[in-house]
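Numbering of ligands and ligand atoms starts at 1, following listing order.
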Amino acid sequence: MVVIMKPGFSRQELDRAIRAMEDGGVKVMISRGAETTILGAEGNASGIDIEKMQSLPGVERVMRVSEPYKKVNRKYHPDDTVVEIAPGVTVGGKKLAVIAGPCSVESEAQITAIAREVKESGATALRGGAFKPRTSPYAFQGMGYSGLDLLEKARMATGLPIVTEIMSTDDIGYFAEHVDVIQVGARNMQNFDLLKRLGKVDKPILLKRGLSATIEEWLMSAEYILSGGNERVIFCVSEARTFESYTRNTLDLSAVLAVKKQSHLPVVVDPSHASGQAWMVERLSLAAVAAGCDGLIVEVHNDPQHALCDGQQSITPTQFTALMTKVGQIAACVDRTV
Ligand code: PEP
Ligand code: MN
């Protein structure tokens with residue numbers, strides 16, 4: 001349930017409305033916008049008498065909110081959230097964020113060279129996996145902690161914030177100290193222990209959509225993080241599993257519009273994992289920008305043919321430069337910049 005206060009309500013009217021809600025058995029969240037103040041009920045609002053609530057002085061309107069996600073919900077927070085990922089570096093707002101880098105960190109030379117090249121082309125942040133969720137236990141599993149060290153070196157060399165995936169709750173303390181954005185991969189979107197623990201971390205979380213998760217399930221996963229106190233969540237539309245086998249997965253661009261409508265949190269798109277094909281990445285990126293995303297996360301490798309992971313979907317630094325120019329052109333059409 002949300003209660004919208006009338007413009008110019010008094011302090012006493014606000015207190016009375018809050019008390020009426022609390023008496024109904026809920027916790028009240030107050031959202032003060034420039035023009036509108038909204039009271040959100042957290043918990044079961046069935047004990048609140050809507051008609052009585054509606055008749056209170058200072059109350060403009062009372063609405064039942066059927067969605068189970070509250071803190072993530074745009075109804076409580078009409079303005080777009082801009083997530084700061086490093087001092088002065090943001091995701092959300094007018095400027096698109098473009099996160100680029102290899103699927104996996106492979107060596108110091110590899111990650112630093114790619115970091116320098118994507119930075120030169122205007123990337124916002126560097127991606128690179130050190131702990132990899134691989135289908136096969138025999139496939140490259142990532143460099144682990146030494147990979148994180150190399151990401152930090154690349155950050156030092158370029159100033160780019162680093163984005164990398166977490167797999168285990170055991171690593172949360174280390175990630176919170178050493179990483180700028182903690183990625184929750186598609187396979188862990190409903191790892192509720194991980195989500196709860198990340199709710200207590202003071203670092204932004206890039207939350208990918210699970211391969212077969214509904215929009216509501218995805219929003220509820222973000223709700224776990226926000227309800228724990230961490231309000232810096234960035235959604236990432238990545239691979240969806242469908243009947244199609246021509247592409248590795250499917251890019252569901254309608255999810256960008258759905259999540260932007262339902263939530264105030266920023267949404268970025270990963271065309272690399274969605275298509276699994278390097279030649280599709282540029283066009284899908286442009287489509288994602290046209291659809292209104294807040295940024296992209298793109299796999300870039302300086303030697304895709306010999307990449308230890310996801311080479312077939314990685315574009316080269318030269319292709320990334322071209323992509324950035326075109327992204328800038330489409331961005332201008334939708335009133336964004338890069
Ligand atoms: C990745 O970003 O490299 C990755 C494995 O992500 P996803 O969870 O989308 O598969
Ligand atoms: Mn990958």
Side-chain angles (χ1 to χ4, degrees), residues 91 97-106 110-111 114 118 123 125-137 139-144 147-148 150-151 161-168 171 175 179-191 194-195 198 204-213 217-218 221-222 233-242 247-253 255-256 259 267-278 280-281 284-285 288 293 295-316 320:
V91 182
V98 184
I99 304 164
C103 179
S104 305
V105 181
E106 298 171 10
Q110 176 244 20
I111 192 69
I114 297 170
V118 298
L126 175 69
R127 65 149 288 147
F131 295 89
K132 297 302 304 175
R134 303 305 301 276
T135 304
S136 166
F140 176 59
Q141 302 287 305
M143 293 181 70
L148 295 183
L150 299 184
L151 278 170
I162 53 180
V163 182
T164 193
E165 177 164 356
I166 193 160
M167 301 253 285
S168 164
D171 296 329
F175 270 65
V179 164
D180 299 297
V181 178
I182 304 174
Q183 173 178 322
V184 174
R187 288 155 196 81
N188 271 312
M189 189 208 86
Q190 288 190 314
N191 180 338
L194 188 61
L195 300 175
L198 291 171
I205 310 299
L206 183 90
L207 180 64
K208 286 198 172 191
R209 180 183 182 179
L211 287 105
S212 303
E217 286 164 345
W218 190 21
S221 289
V233 171
I234 301 160
F235 286 108
C236 177
V237 176
S238 192
E239 64 266 44
R241 175 153 293 187
T242 67
T247 44
R248 180 180 180 189
N249 293 291
T250 295
L251 177 59
D252 177 13
L253 276 186
V256 174
V259 173
V267 182
V268 302
V269 172
D270 177 344
S272 311
H273 288 90
S275 65
Q277 318 218 27
M280 291 187 176
V281 166
L284 293 178
S285 298
C293 70
L296 300 165
I297 176 164
V298 178
E299 286 190 339
V300 178
H301 199 287
N302 52 2
D303 185 7
Q305 277 172 1
H306 296 103
L308 295 181
C309 187
D310 286 352
Q312 74 292 348
Q313 67 192 34
S314 300
I315 59 171
T316 63
F320 181 70

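- Close approach of ligand 1 to Glu299 is summarised as follows: ligand atoms under 4.0 Å from at least one heavy atom of the residue are 3 (O).
- Residue-ligand proximity, Cys103 to ligand 1, at heavy-atom distances under 4.0 Å covers atoms 3 (O).
- No more than 12 heavy-atom neighbours from other residues, nucleotides or ligands sit within 6.0 angstrom of CZ on Arg241.
- In terms of protein heavy-atom proximity, atom 8 (O) of ligand 1 is nearest to Ala186 N, 2.7 Å.
- Ranking protein heavy atoms by distance to atom 4 (C) of ligand 1, first place goes to His273 NE2, 3.5 Å.
- Judged purely by atom type and a 3.5 angstrom limit, Ser314 has no side-chain atom pairing as donor or acceptor with the backbone of Pro304.
- Between NE2 of His273 and OD2 of Asp310, the angle at the Mn ion (ligand 2) works out to 90°, rounded to 10 degrees.
- Considering backbone and side-chain atoms alike, Gln183 places an N or O below 3.5 Å from some N or O of ligand 1.
- Residue Ser238 approaches ligand 1 through these ligand atoms, each under 4.0 Å from one of its heavy atoms: 9 (O).
- Every N/O-N/O distance between Asp310 and ligand 1 stays at or above 3.5 Å.
- Atom numbering of ligand 1 starts at 1 in the shown order; those under 4.0 Å from a heavy atom of Gly185 are 8 (O).
- Closest approach between the Mn ion (ligand 2) and any N/O/S atom of Glu299 involves OE2.
- Side chain of Arg134 to backbone of Phe140: a donor-acceptor contact under 3.5 angstrom is found.
- Those atoms of ligand 1 with a heavy atom of Lys132 less than 4.0 angstrom away are 1 (C), 3 (O), 5 (C).
- The backbone N or O of Asn188 lies less than 3.5 Å from no partner atom in the side chain of Gln190, so there is not a single donor-acceptor pair.
- Arg209 places no side-chain N or O within 3.5 Å of a backbone atom of Glu239 that could act as its donor or acceptor partner.
- Residue Glu239 approaches ligand 1 through these ligand atoms, each under 4.0 Å from one of its heavy atoms: 7 (P), 9 (O), 10 (O).
- Judged purely by atom type and a 3.5 angstrom limit, Thr164 uses its side chain to pair as donor or acceptor with the backbone of Gly128.
- Of the possible donor and acceptor atoms, one in the side chain of Asn249 sits under 3.5 Å from a partner among the backbone N and O of His273.
- Minimum heavy-atom separation, Val179 to Val181: CG1-O, 3.1 Å.
- For atom 2 (O) of ligand 1, the closest heavy atom belonging to the protein is Arg127 NH1, 2.8 Å.
- Below 30°, between 30° and 60°, or above 60°: for Phe235 and Trp218 the angle between ring planes is above 60°, a perpendicular geometry.
- The ligand atoms of ligand 1 that sit less than 4.0 angstrom from a heavy atom of Lys208 are 1 (C), 2 (O), 4 (C), 6 (O), 7 (P), 8 (O), 9 (O).
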